[in-house]
Enquirer: 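Here's a structure for you.
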Amino acid sequence: ALCVRRADGAGDEAGAAEARGEDEAHDPAERWFEVGCRLDSDRATYAEAIDAYLRALAADPAHSDSHCNLGSIYYNQGRRAPARACFERALATEPGHVEANLNLATMLEEEERNELALRHYQRALETDPLYADAHVSTALVCEKLGLRRRARDHWRRYLQIDPGGSWAEVARRHLGS
């Protein structure tokens, strides 16, 4: 499962907020979210990251990035039910949330609920059509569903976006080139 954004990427968001006339430094949900981002990459600090995300959500129950990252931690801990609930809450607030759609789709695919997984992969791509790995996931689930032409379209799109990426050879094999 994916973390939405790391603390080292916060400057871009803060700059955008500043341009909108907002001050994220005074937004407790955003401050706690950034704390969680600094802690969630290490299993040893998961408890502290969970606490930070819960504090962010106490400050702003609609903070979709906190829901998503909290879900990722739960998923990595093998806690599927709370992970799913977090991804669904993120999507209730922000239906186009790329990472929440991808993470929920991954869980659905693991449960062999491939049609529903495909819908969430497609929602992620509607929001971010250049997300190369989402094309890989979509291609793979399309193949499971027997949608070979659609799968080929996503393999080709992946290669257009990231021709030297980690999935490039796999994509070429699937395309027979």
Enquirer: In the structure I gave you, are the side-chain heavy atoms of L108 and R84 within less than 4.5 Å of one another anywhere?
Expert: yes

Enquirer: Roughly how far apart are C68 SG and R89 CZ, rounded to 0.5 Å?
Expert: 12.0 Å

Enquirer: Taking E34 first and then R31, would you say they form a salt bridge - that is, a charged N and a carboxylate O separated by under 4.0 Å?
Expert: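 Here E34 does not pair with R31 in a salt bridge, since their nearest N and O are not under 4.0 Å apart.
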
Enquirer: Taking side chain as C-beta onward, heavy atoms only, is L104 less than 4.5 Å from R123?
Expert: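 No; the side chains remain at least 4.5 Å from each other.
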
Enquirer: In Å and rounded to the nearest 0.5 Å, what is the CG to CG distance from L118 to L140?
Expert: 11.5 Å

Enquirer: Give a yes or no on whether the backbone of A134 and the side-chain of S137 come within a donor-acceptor separation of less than 3.5 Å.
Expert: no

Enquirer: Is any side-chain heavy atom of Y121 closer than 4.5 Å to a side-chain heavy atom of T106?
Expert: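 A side-chain contact under 4.5 Å exists here.
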
Enquirer: Determine the minimum heavy-atom distance between A29 and A56, stating which atoms define it.
Expert: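 Minimum heavy-atom separation between A29 and A56: O-CB, 3.3 Å.
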
Enquirer: With rounding to the nearest 0.5 Å, note down the distance linking CG in D133 to CH2 in W167.
Expert: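 Result: 8.0 Å between the selected atoms.
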
Enquirer: Within the distance-only criterion (no hydrogens, no angle test), does the side chain of N76 pair as donor or acceptor with the backbone N or O of S72 below 3.5 angstrom?
Expert: yes

Enquirer: For G36 and A52, work out which heavy atoms get closest and say how close.
Expert: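 Closest heavy-atom pair between G36 and A52: N-CB, 3.6 Å.
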
Enquirer: Please identify which of these residues, R149, R150, R156, meets the salt bridge (charged side-chain N to carboxylate O under 4.0 Å, His left out) condition with D153.
Expert: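 With D153 as partner, R149, R150, R156 yield a single salt bridge (charged side-chain N to carboxylate O under 4.0 Å, His left out), made by R156.
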
Enquirer: With no hydrogens and no angle check, do the side chains of R157 and Q160 hold a donor and an acceptor under 3.5 Å apart?
Expert: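 Yes, because at least one side-chain N or O of R157 sits under 3.5 Å from a partner of the opposite role on Q160.
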
Enquirer: Would you check, one step at a time, whether the test side-chain contact (heavy atoms from CB on, under 4.5 Å) holds for E110 with R80?
Expert: CA-CA 11 Å; E110 289 169 353; R80 295 181 65 84; 2.7 Å; yes

Enquirer: Among all residues two or more places apart in sequence or in another chain, which pass the ring-ring contact (aromatic ring centres under 6.0 Å, His included) test with H120?
Expert: none

Enquirer: May I ask you to check whether H67 and F87 place their ring centres under 6.0 Å from each other?
Expert: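 No.
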
Enquirer: What closest approach, in Å, do T127 and G96 show between heavy atoms, and which atom pair accounts for it?
Expert: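 So the minimum-distance heavy-atom pair works out to OG1-O, 2.8 Å.
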
Enquirer: H154 and L125: side-chain contact (heavy atoms from CB on, under 4.5 Å), yes or no, with the steps?
Expert: CA-CA 11 Å; H154 285 284; L125 285 170; 3.7 Å; yes

Enquirer: List, by chain and number, the other hydrophobic cluster members for I161, where Ile, Leu, Val, Met, Phe, Trp and Tyr join if side-chain heavy atoms come within less than 4.5 Å, directly or indirectly.
Expert: L130

Enquirer: Between L70 and D40, does a side-chain contact (heavy atoms from CB on, under 4.5 Å) hold up when you go through it step by step?
Expert: CA-CA 9 Å; L70 184 59; D40 70 6; over 6 Å; no

Enquirer: Quick one: does any side-chain atom of N103 pair with a main-chain N or O of E99 as donor and acceptor, under 3.5 Å?
Expert: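 Yes.
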
Enquirer: Does the side chain of C37 come within less than 4.5 Å of Y53's, by heavy atoms?
Expert: yes

Enquirer: Under 3.5 Å, is there a donor-acceptor pair between the side chain of S64 and the main chain of A90?
Expert: no

Enquirer: How far does SG of C86 sit from OH of Y74, to the nearest 0.5 angstrom?
Expert: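 Answer rounded to 0.5 Å: 5.5 Å.
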
Enquirer: Could you go through R148 and C142, starting from their C-alpha distance and side-chain angles, then the distance that decides it, and tell me whether this counts as side-chain contact (heavy atoms from CB on, under 4.5 Å)?
Expert: CA-CA 7 Å; R148 307 250 185 274; C142 282; over 6 Å; no

Enquirer: Does any part of the side chain of V136, heavy atoms only, come nearer than 4.5 Å to the side chain of W155, both counted from C-beta?
Expert: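 When only atoms from C-beta onward are counted, V136 and W155 do touch, with a gap below 4.5 Å.
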
Enquirer: Any side-chain heavy atom of V35 within less than 4.5 Å of one from R55?
Expert: no

Enquirer: Search all heavy atoms of A58 against all heavy atoms of P61 and return the closest pair with its distance.
Expert: O-CD, 4.4 Å

Enquirer: Can you tell me how far CD of E143 sits from OG1 of T138, rounded to the nearest 0.5 angstrom?
Expert: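 Atom-to-atom, T138:OG1 and E143:CD are 11.5 Å apart.
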
Enquirer: In Å and rounded to the nearest 0.5 Å, what is the OH to CG distance from Y75 to N69?
Expert: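 If we round to the nearest 0.5 Å, Y75:OH and N69:CG are 15.0 Å apart.
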
Enquirer: Is a salt bridge present between E112 and K144, judged by a nitrogen-to-oxygen distance below 4.0 Å?
Expert: no

Enquirer: State, to 0.1 Å, how close H63 and L57 come at their nearest heavy-atom pair, and which atoms those are.
Expert: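 Looking at all heavy atoms of both residues, the closest pair is O-CD2, 3.5 Å.
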
Enquirer: Could you pull out the closest heavy-atom pair between P95 and N101, with the gap in Å?
Expert: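 Taking P95 first and N101 second, the nearest heavy atoms are O-ND2, 2.9 Å.
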
